[in-house]
Asks: 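This is the structure I want to talk about, given as structure tokens.
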There are 2 protein chains.
Amino acid sequence: MRKGILEMCVLAVIAEGETYPPEIMKKLEWTDLIVKEGTIYPLLVRLKNDGLVDYIWREGEKGPPRKYFTASELGRKFLAELTESWHQLVHSVNKTLENAAAPAAEPQGKRKGKKDPPKPLNLEPNPPDA
Amino acid sequence: MRKGILEMCVLAVIAEGETYPPEIMKKLEWTDLIVKEGTIYPLLVRLKNDGLVDYIWREGEKGPPRKYFTASELGRKFLAELTESWHQLVHSVNKTLENAAAPAAEPQGKRKGKKDPPKPLNLEPNPPDA
DNA sequence: TTAAATACCTTGCAATACAAAGAACTAACG
DNA sequence: CGTTAGTTCTTTGTATTGCAAGGTATTTAA
């Protein structure tokens, strides 16, 4: 249901410009998103395998060489889809929370009319299998 | 990171007023949230075990008896915490997405100053271990 | 009796996030 | 050189989550 959120954030950071993992983690922290190594490295492998990102080795100022990631065309396209789904999810969840905040009134517009809803969320986490 | 979202939604629906599982699922669908039986029943067991909800058996108009759920005091308190975390998450993710949308400008306010951020998200999914 | 509808429950699997531990490379120091 | 520290990348094992699939049980209707 809420899958792909972290994927989306990492992809978004990479789409900003070439980065390597520790920098990605720092940038996410800047927006109060804590991600651990054990999470991000496997995730990057997945993104690479799915063709959403590419990387090249570069020497850093200090320490061992770094894997610098960039977003592929497909990656940007997928990021757009994830973002769309994210906004839908936020909307849906907020609607649910609003109803709960006002438990007195029987929710309206519900009544299970025959007109189907805008589009139920059923987030497929995986890329368009390119 | 994004844990507890569905938990929060289900708790929110129950907090609206006494309901039973199939009705919970319908209400979530009304806000375009699709939840399956195999998801919701185990989740309700967890909520019950954690003391966040209670239930009583009631006869329905048709079919077998139903488990009608209500939110406990603790459940409401926990729902408030989850909601708070949810809003923080939305804020953080949206900030990340905004940066990615404008990749040209070097993000500001970052620079890893010594002043620590507002409060990093590290969502503990489980109830306050009551 | 049988079938259909409703409600609840369980098992097994895939994906996610993480802790923990480790491997490898570089620079600095004695 | 050998050791230590700092940085980067990787792997293993585990807990949690969401789901499909397949039950079980109750009531009503044919």
Side-chain angles (χ1 to χ4, degrees), chain A residues 1-11 18-26 28-29 33-50 53 55-69 82 85 89 93 112 120-127 129, chain B residues 1-11 18-26 28-29 33-50 53 55-69 82 85 89 93 112 120-127 129:
Chain A
M1 186 192 108
R2 70 284 155 66
K3 278 194 288 189
I5 297 181
L6 182 57
E7 219 145 343
M8 175 182 64
C9 291
V10 170
L11 211 41
E18 213 181 62
T19 26
Y20 67 103
E23 195 181 33
I24 295 172
M25 292 192 283
K26 266 176 220 147
L28 290 174
E29 270 175 35
L33 260 16
I34 303 299
V35 187
K36 306 302 170 58
E37 283 193 337
T39 299
I40 203 166
Y41 281 101
L43 194 159
L44 288 169
V45 169
R46 266 179 273 146
L47 292 179
K48 171 62 177 166
N49 288 341
D50 291 338
V53 298
Y55 66 79
I56 55 173
W57 288 98
R58 278 196 204 290
E59 312 239 318
E61 300 152 12
K62 289 163 51 178
R66 304 164 174 172
K67 264 183 172 176
Y68 276 89
F69 288 84
L82 284 176
S85 293
L89 175 69
V93 170
K112 196 180 207 217
L121 274 193
N122 215 352
L123 303 199
E124 282 303 318
N126 287 327
D129 263 0
Chain B
M1 184 192 109
R2 70 286 156 66
K3 278 194 287 189
I5 298 181
L6 182 56
E7 221 145 342
M8 174 181 67
C9 291
V10 169
L11 210 42
E18 214 179 61
T19 24
Y20 67 104
E23 196 181 32
I24 296 173
M25 291 192 283
K26 263 176 221 147
L28 290 175
E29 270 176 35
L33 261 13
I34 303 299
V35 187
K36 306 301 170 57
E37 282 194 339
T39 299
I40 203 164
Y41 280 104
L43 194 158
L44 288 169
V45 168
R46 266 180 274 147
L47 292 178
K48 170 63 176 166
N49 287 341
D50 292 338
V53 299
Y55 66 79
I56 54 172
W57 287 99
R58 280 195 202 290
E59 312 239 318
E61 301 153 10
K62 291 163 48 179
R66 304 163 175 174
K67 265 184 173 175
Y68 276 88
F69 288 84
L82 284 176
S85 293
L89 176 69
V93 170
K112 197 181 204 209
L121 272 195
N122 215 349
L123 302 199
E124 281 305 317
N126 287 327
D129 263 0

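Sequence lines set the chain letters: A, B, ... in the order given, protein chains first and strands last, and positions in each chain run from 1. Both backbone and side-chain heavy atoms feed into the values below; hydrogens, waters and symmetry mates do not.
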Asks: Measure from CD1 on B:Ile56 to P on C:dA7 and round the result to the nearest Å.
Replies: 16 Å
Asks: Could you tabulate the donor-acceptor pairs under 3.5 Å formed by side-chain atoms of residues 37-47 of chain B, not counting sequence neighbours?
Replies:
none

Asks: Side chains of A:Leu82 and A:Ile5: closer than 4.5 Å at any heavy-atom pair?
Replies: no
Asks: Distance check: side-chain N/O of A:Tyr20 vs OP1/OP2 of D:dC9, anything under 4.0 Å?
Replies: no
Asks: Should B:Val10 and B:Val53 be marked as a side-chain contact (heavy atoms from CB on, under 4.5 Å) after you check the CA-CA gap, both sets of side-chain angles, and the distance that decides it?
Replies: CA-CA 10 Å; B:Val10 169; B:Val53 299; over 6 Å; no
Asks: Closest approach to the side chain of B:Leu6, judged atom by atom: which nucleotide of C:dC8, C:dC18, D:dG18 is it?
Replies: D:dG18
Asks: Quick one: side-chain hydrogen bond (donor to acceptor under 3.5 Å, both in side chains) partners of B:Tyr55, sequence neighbours excluded?
Replies: none
Asks: Holding to side chain to side chain contact (heavy atoms under 4.5 Å, CB included), I want the full list of residues that pass it with A:Glu18, two or more places apart in sequence or in another chain.
Replies: A:Ile56, A:Arg58, A:Tyr68, A:Thr70
Asks: Select base, sugar-phosphate, or nothing to describe what A:Arg46 touches, counting heavy atoms under 4.0 Å on all strands.
Replies: sugar-phosphate
Asks: What integer distance in Å separates B:Lys26:NZ from C:dT6:P?
Replies: 8 Å
Asks: What is the distance, rounded to the nearest whole Å, between atom NZ of B:Lys36 and atom C1' of C:dA15?
Replies: 16 Å
Asks: Mind checking whether B:Trp57 and B:Arg66 have side chains closer than 4.5 Å, heavy atoms only?
Replies: no
Asks: Nearest to the side chain of A:Pro22, which nucleotide is it out of C:dC8, D:dG18, D:dC9?
Replies: D:dC9
Asks: For C:dC9, does OP1 or OP2 lie under 4.0 Å from any side-chain N or O of B:Tyr41?
Replies: no
Asks: Does a side-chain heavy-atom distance below 4.5 Å link B:Ile24 with B:Val35?
Replies: no
Asks: For nucleotides 21-28 of chain D, give me every protein contact, N/O to N/O, under 3.5 Å, one pair per line with atom names.
Replies:
none

Asks: How long is the line joining CG of B:Leu44 and P of D:dG18, in whole Å?
Replies: 12 Å
Asks: In whole Å, I'd like the distance from the CG atom of A:Asn49 to the P atom of C:dT16.
Replies: 13 Å
Asks: Would you kindly give the CD1-to-P distance between B:Ile40 and C:dT10, to the nearest whole Å?
Replies: 15 Å
Asks: In whole angstrom, what separates B:Trp57's CH2 from C:dA7's P?
Replies: 12 Å
Asks: Measure from CG on A:Leu47 to P on D:dC9 and round the result to the nearest Å.
Replies: 15 Å
